[in-house]
Amino acid sequence: MIETLNIDQIKAMFRGGAQNLALNKAYIDSLNVFPVPDGDTGTNMNLTMASTIREMEGAESDRTADVCQAIARGALKGARGNSGVILSQIFKGVSAELAEAKAITPKIFARALKNGSNVAYDVVTRPKEGTILTVIRLMSDYALKAASRKEDFLAFFPAILKKGEEVLQKTPDMLPVLKKAGVVDAGGRGLLVILTGMYNVLAGVEMQKLEEETSSAEQEIDVADPEIHNLEDIKFAYCTEFFIINLHKKTTMADIDKLREKLGKIGDCVLVVGDLQLVKIHVHTNNPGKALEYALQLGELERPKIENMLEQHRALQNGKKSAEVPEPKAAPAVRPEPIKEAGMVAICTGSGLKSIFGELGVDLVIEGGQTMNPSVDDIVNAVDSVPANTVYILPNNSNIVLAAEQAKELTKAKLVVIATKNIPQGIAAAISFDPDGTLEQNVEAMSAAAARVRSGQVTHAVRETEMDGFMLKNGDIIGIYHGVIVAKGDEIAAVTRDVIDKMTDDDTASITLYYGEGVTEADAEELVASVQEDYPFYDVVACRGGQNHYYYYISVE
C-alpha cells in the first residue's frame, strides 16, 4: 500500500514514464493513420520526455521544489511538435502543484493532473476536443473524484488509467476526422503510455510493448491550428501581448490568478503564464488599455504589443512582395549584439530549400520538418543566434507552430511567429519580408502572402488503407491537396500532373515545383515542359528542394 509519495518515488515515476514511452515510441509513430511517412507523435513525445529526465537528473538538489522546477523546465526546452508541447504544459501544471505539496497523496496528485490539464488548455488558442487535451481533462476530472475514495496509489492509478482508456476510445465521437477514419488520437495514447509507465514503477510491473492487434489504430491531430484566429468572426479586435517584470513585493500568485480572471471579463483567448519572477500575458480584447492598467498593478511592463486583428484580416486580401538576397549565416555560439532591427529564421530539410531561404534573406535555417520536429530549445538557440531585435520565424509545418510559439517565453529576442503550414507558404512569406518595414507591415504582408498560396505534395503511401475514396497499398504514389488525398498512381510525374490539374483555375498565374529525393533534375524539367505545354499562359518552373519523403512540393499562385 502506498499512501504518499516522496521525491525519490516521483523521480522514479517520471523515469518509468519515459522508459515505457521509449519502448513504445516506434509503435506510436506507426499509428498515424494518414498513410504518408510523417508519423512522429511517439518520437516527439519521447524527445520531450528525454529532455525532461535530463533536467530532472541535473536538478540543483533533491528538494521537491527544485526537482519539479527542473521537470517543467526540461519539458519545455525539449518540447517537439504539438503533442510534445502539450505534454510539456501538462508537466508544467503537474509540477507546479506537486512543488507546493507537503505530502503527495492521491488527492494531491489528482489536483496536479487537473492543474496540468488547465495549463495545457491555456496554451492552445482553439482547443479541439477528441485529442490529448480531452484525455487529460476528463481523466483529471475523474481523478479528483477517485482520490476521495482511493487513498492507495496502487488502487488510484488503475482507476484513472481505466478512465483514460475509456475517454480515448470515445474520442472519435468528439472529432469528425477521427470518426471518419475510425481511429483514436495518438497523443492521447502517448499520454496513457507515460502514466502507465509511472504506475508500473510503483507497482513493480514490467514495462510492456503495446501489440498492434490489441490497440486501435491512432493518429495525431493538429490541436493547434496554425491559422490561430477566425478573423471574419472577431468579437474582440485587439491581440494584446506583453510581459510583467520586476513584480511588486506585495504581489502574490493569487494576484496573478485574479489578473487572469479580470482579463477574462474584458476579452477571450486569455493566456497568463509565469510566476513571481516573470509573467507572460496574451489576450484578445476591445480595451487593451484596460489590460495594461490591470497588469501595472502587479509590476512593470515589458515588450507590449497590440495588433489590430481586423486590419490583419483586411491585409490578408492583398500584400506586397519584395525580395532580399543575402547569404544565410551560421549560428554563433552566444547571443550577439543586435546589429539590425529585423531578421528571419526558417525551418526545413533539403539543401536546395535551405539555399532558397538563404537567397530570400533568411539569416538561419533550422534543420527540421516532417518526422523531425525541432524542439523549443532548438528554436530558442537559433533565434538567439540572429543579431536582430526582432526575429520572424517560419515554421513551415503545422506541427511546429506551437513549439515556435512556446519559444517566445525563453528567447532573448522579440520573436514573431508567422504560422506557415508548409514550404510554399514559407517561401511566399519570406519573399514578402521587408527588412525596413515595421512589425505590423511585415506581419500583414507575410501572412497575406502565405494565405494566397495553394500548396500540394506528392509522396508515397506507407501502408495499406482506405482513405479519401482511394484504396491504397504500401508504395503507391499519392498526391495531397488541402490535406486530402486527391490522386494516386504508380508514376510520380502522372500523379503530380493530376494534383496540378486540381490545384489550378482561371486565376492561376504561376506553378512552382520543388523536387526532392527520388526525382532528378532531368525528371523535373521534363515534367515542367509537359505542364507548360498544357498551360501555356502560366509561368511553370522547377527548383531543387532536396527534401526527403516528398517527391514534390507544389506551389500555385
Side-chain angles (χ1 to χ4, degrees), residues 44 47-48 51-52 55 68-96 99 115-116 118-125 223-224 226 228 239-247 251 253 256-257 259-260 263 269-284 291 295 298-305 307 335 345 347 366 373-386 388-393 395 399-419 439:
N44 287 337
L47 291 170
T48 302
S51 177
T52 302
E55 287 286 328
C68 289
Q69 183 181 35
I71 288 171
R73 183 174 59 248
L76 180 58
K77 288 172 63 177
R80 295 173 187 255
N82 294 330
S83 53
V85 172
I86 294 299
L87 181 63
S88 77
Q89 295 307 294
I90 292 173
F91 284 172
K92 178 180 178 181
V94 168
S95 299
N115 195 44
N118 292 339
V119 172
Y121 266 89
D122 279 342
V123 302
V124 180
T125 308
V223 299
I228 296 174
C239 177
T240 305
E241 292 185 343
F242 53 90
F243 289 89
I244 307 177
I245 62 173
N246 298 327
L247 279 75
T251 300
M253 290 301 297
I256 296 176
D257 292 336
L259 173 63
R260 184 182 295 107
L263 294 177
C269 296
V270 177
L271 171 64
V272 179
V273 177
D275 51 32
L276 297 179
Q277 302 300 316
L278 176 72
V279 182
K280 180 182 178 181
I281 307 295
H282 173 279
V283 62
H284 296 173
L298 276 63
E300 301 173 10
L301 303 186
E302 184 182 53
R303 298 192 217 169
K305 181 183 72 172
E307 296 178 345
R335 170 87 174 142
V345 169
I347 301 173
I366 304 174
N373 299 154
S375 69
V376 172
D377 206 31
D378 292 335
I379 295 172
V380 170
N381 289 337
V383 170
D384 283 347
S385 298
V386 177
N389 290 314
T390 301
V391 179
Y392 299 84
I393 187 167
N399 205 36
I400 300 176
V401 173
L402 192 55
E405 290 286 353
Q406 290 302 303
K408 289 181 178 179
E409 293 187 31
L410 302 177
T411 179
K412 299 180 180 66
K414 179 178 179 59
L415 179 58
V416 180
V417 180
I418 306 298
L439 186 148

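These numbers come from the heavy atoms of this one structure, side chains and all, not from hydrogens, waters or symmetry mates.
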Inset, instruction - Using a 4.5 Å cut-off on heavy atoms from C-beta on, say whether the side chain of Leu298 contacts that of Leu259. - result: yes

Legend entry - Validation row: Thr240, Leu263 side chains within 4.5 angstrom (heavy atoms): no

Legend entry - Contacts of Asp377 that satisfy salt bridge (Lys or Arg N to Asp or Glu O under 4.0 Å) - sequence neighbours left out: none

Inset, instruction - Indicate yes or no: at least one non-hydrogen side-chain atom of Val417 is less than 4.5 angstrom from one of Lys408. - result: yes

Legend entry - Separation between CG of Leu87 and CG of Leu47, rounded to the nearest 0.5 Å: 11.5 Å

Inset, instruction - Can you measure from OG (Ser375) to CD1 (Ile366) and round to the nearest 0.5 angstrom? - result: 8.5 Å

Legend entry - Distance (rounded to the nearest 0.5 Å) between Lys92 NZ and Gln406 CD: 7.5 Å

Inset, instruction - Would you give the length of the straight line joining atom OG of Ser83 to atom CG of Asn399, rounded to the nearest 0.5 angstrom? - result: 6.0 Å

Inset, instruction - Give the minimum heavy-atom separation between Ala295 and Phe242, together with the two atoms involved. - result: CB-CE1, 3.3 Å

Legend entry - Spacing of Ile244 atom CD1 and Glu302 atom CD [to the nearest 0.5 Å]: 11.5 Å

Legend entry - Side-chain heavy-atom pair Thr52, Phe91 within 4.5 angstrom cut-off: yes

Legend entry - Contact summary for Ala419 and Val401, nearest pair of heavy atoms: CB-CG1, 4.0 Å

Legend entry - Check against side chain to side chain contact (heavy atoms under 4.5 Å, CB included), Leu410 and Val376: CA-CA 9 Å; Leu410 302 177; Val376 172; 3.9 Å; yes

Inset, instruction - Among Val386, Asp384, Asn381, find the one that has a side chain to side chain contact (heavy atoms under 4.5 Å, CB included) with Thr411. - result: Asp384

Legend entry - Check: Gly84 main-chain N/O paired with Asn44 side-chain donor or acceptor under 3.5 Å: no

Inset, instruction - Would you check if Thr390 and Leu439 make a side-chain contact, meaning some heavy-atom pair closer than 4.5 Å? - result: yes

Legend entry - Gap between atom CD1 of Ile379 and atom CD1 of Ile393 - 0.5 Å precision: 4.5 Å

Inset, instruction - State, to 0.1 Å, how close Ala413 and Ala388 come at their nearest heavy-atom pair, and which atoms those are. - result: CB-O, 4.2 Å

Inset, instruction - Would you check if Ile347 and Asn373 make a side-chain contact, meaning some heavy-atom pair closer than 4.5 Å? - result: no

Legend entry - Heavy-atom closest pair, residues Ser51 and Gly74: OG-O, 2.6 Å

Inset, instruction - Could you pull out all residues at least two apart from Thr251 that satisfy side chain to side chain donor-acceptor pair (under 3.5 Å)? - result: none

Legend entry - Intermediate values then yes/no, side chain to side chain contact (heavy atoms under 4.5 Å, CB included), Ile256 and Met253: CA-CA 5 Å; Ile256 296 176; Met253 290 301 297; 3.8 Å; yes

Inset, instruction - Please examine the side chains of Thr48 and Leu76, heavy atoms only from C-beta on, and report whether any two atoms are closer than 4.5 Å. - result: no

